[in-house]
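No experiment lies behind these values; they were computed from the predicted model shown.
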Amino acid sequence: MQNQFRFFSILLTSLFFSFTTKAQTAFEDVVYLKNGTIIHGMIIEQIPNKSVTINTKDENTFVCKLDEIEKITKEENENNIQNHSSIDYNKIKKSGYINITEVNFAFGIGDVYRGHNSYGIQTINGYLYNPHISLGFGVGLFADATNGLAFIPLFADLRVYLLKQTPVIPFLSIDAGYALCSRDNNKGGALINHFIGMKAYATSKFAVNFSLGYLMQYDTRNVYYYNNRYTSEIVKTGYLNFKMGVAF
């Protein structure tokens, strides 16, 4: 269990930072001068109201006076455009309907179902309000393979994307809702799942998601008391939840 936890944590963390670094280096500073000269590179010094120093890829350094500059922008570098020529980032959806379908594998780390392995699938239909925020409503099936419990989660999904129009976009998300339970003496309960992930575009209309998070599930269950009577108790358990899926 601890080895599996460590493996998925290291895997997602490594992928997250490597892809985030890649996404960040996909852009460069561009200085447009009033005489028509365009300088591509990285700004290494900026003196307010005086000058801007930019270092180019071939390690030349230019100091441009402020009154010589028409504008300064941050643009996708030419090498990155060539390496990802199959993806037209101008056609990536900036708003509108979205669907996210994911499968998950979870490890029980709470007091009740510690060490239990669980599997699930979910689909989310939602709306992308802008390149950074989406909100949707989802339904799924989440089965605890160890004790035979099956939950049907109904939830709202909020995602915040930290970058836009890059090959890989890191995001933060939270799911909140209620999960019904299949067993007669288990009623299910509230759920909350917060996670960190990344969205990698395969085409301008299709992306693959990977995420790792913590799912907290409540369950109201009937417990045998005495004289053939039952009493109810609410149990809470936590799962380390690894998810992967597609988005379009």
Just wondering, do [Y] and [X] contact through their side chains at under 4.5 Å, heavy atoms?
| X | Y | answer |
| --- | --- | --- |
| Val103 | Tyr119 | no |
| Ile92 | Ser204 | yes |
| Ile196 | Pro170 | no |
| Val30 | Tyr32 | yes |
| Ile133 | Leu158 | yes |
| Gln122 | Glu102 | yes |
| Thr237 | Asp219 | no |
| Val139 | Thr123 | yes |

The single option from Ile72, Ile44, Ile39, Thr61 passing side chain to side chain contact (heavy atoms under 4.5 Å, CB included) against Ile54 | Ile39
Among Tyr129, Tyr161, Tyr127, whose side chain to side chain contact (heavy atoms under 4.5 Å, CB included) with Ser134 holds?
-> Tyr161
What's the spacing between [X] [atom1] and [Y] [atom2] if we round to 0.5 Å?
| X | Y | atom1 | atom2 | value |
| --- | --- | --- | --- | --- |
| Leu180 | Leu141 | CG | CG | 11.5 Å |
| Leu191 | Phe155 | CG | CZ | 7.5 Å |
| Asn55 | Asn60 | CG | CG | 8.0 Å |
| Phe210 | Lys243 | CZ | NZ | 13.5 Å |
| His194 | Asn241 | NE2 | CG | 11.0 Å |
| Asn104 | Met244 | CG | CE | 11.5 Å |

Indicate if [X] and [Y] have the same hydrophobic cluster label, given that clusters are the connected sets of ILVMFWY residues with side-chain heavy-atom separations under 4.5 angstrom.
| X | Y | result |
| --- | --- | --- |
| Phe62 | Met42 | no |
| Val246 | Tyr97 | no |
| Phe248 | Leu135 | no |

Would you tell me whether Asn99 and Thr101 have side-chain atoms, one donor and one acceptor, within less than 3.5 Å of each other?
-> yes
For [X], does the [atom1] atom sit with more than 12 other heavy atoms under 6.0 Å from it, leaving out its own atoms?
| X | atom1 | result |
| --- | --- | --- |
| Phe137 | CZ | no |
| Lys205 | NZ | no |
| Lys50 | NZ | no |
| Lys94 | NZ | yes |
| Asp58 | CG | yes |

Nearest atoms (heavy-atom pairs only) where [X] meets [Y]:
| X | Y | answer |
| --- | --- | --- |
| Cys181 | Gly188 | CB-N, 3.6 Å |
| Leu33 | Glu70 | O-OE1, 3.9 Å |
| Leu212 | Leu240 | CD1-CD1, 3.8 Å |
| Ser211 | Phe171 | CB-CZ, 4.3 Å |
| Lys93 | Ile98 | CD-CG2, 4.2 Å |

Counting distance only, does the side-chain N/O of Gln217 pair as donor-acceptor with the main-chain N or O of Gly189 below 3.5 Å?
-> yes
Can you tell me if Lys236 uses its side chain to pair, donor with acceptor, with the backbone of Met216 under 3.5 Å?
-> no
Test side chain to side chain contact (heavy atoms under 4.5 Å, CB included) on Phe107 and Asn117 and set out the steps.
-> CA-CA 5 Å; Phe107 308 105; Asn117 292 334; 3.5 Å; yes
So Ile169 and Tyr201, side chain to side chain contact (heavy atoms under 4.5 Å, CB included) or not? Walk me through it.
-> CA-CA 9 Å; Ile169 301 176; Tyr201 279 98; 3.7 Å; yes
Hey, mind stepping through Arg159 and Ile124 against side chain to side chain contact (heavy atoms under 4.5 Å, CB included) and telling me if it holds?
-> CA-CA 11 Å; Arg159 303 197 178 200; Ile124 300 166; 3.7 Å; yes
Aromatic plane relationship, Phe151 with Phe142 - under 30° parallel, 30 to 60° tilted, over 60° perpendicular | tilted
Side chain to side chain contact (heavy atoms under 4.5 Å, CB included) between Asn193 and Tyr239, intermediate numbers included | CA-CA 9 Å; Asn193 185 17; Tyr239 294 92; over 6 Å; no
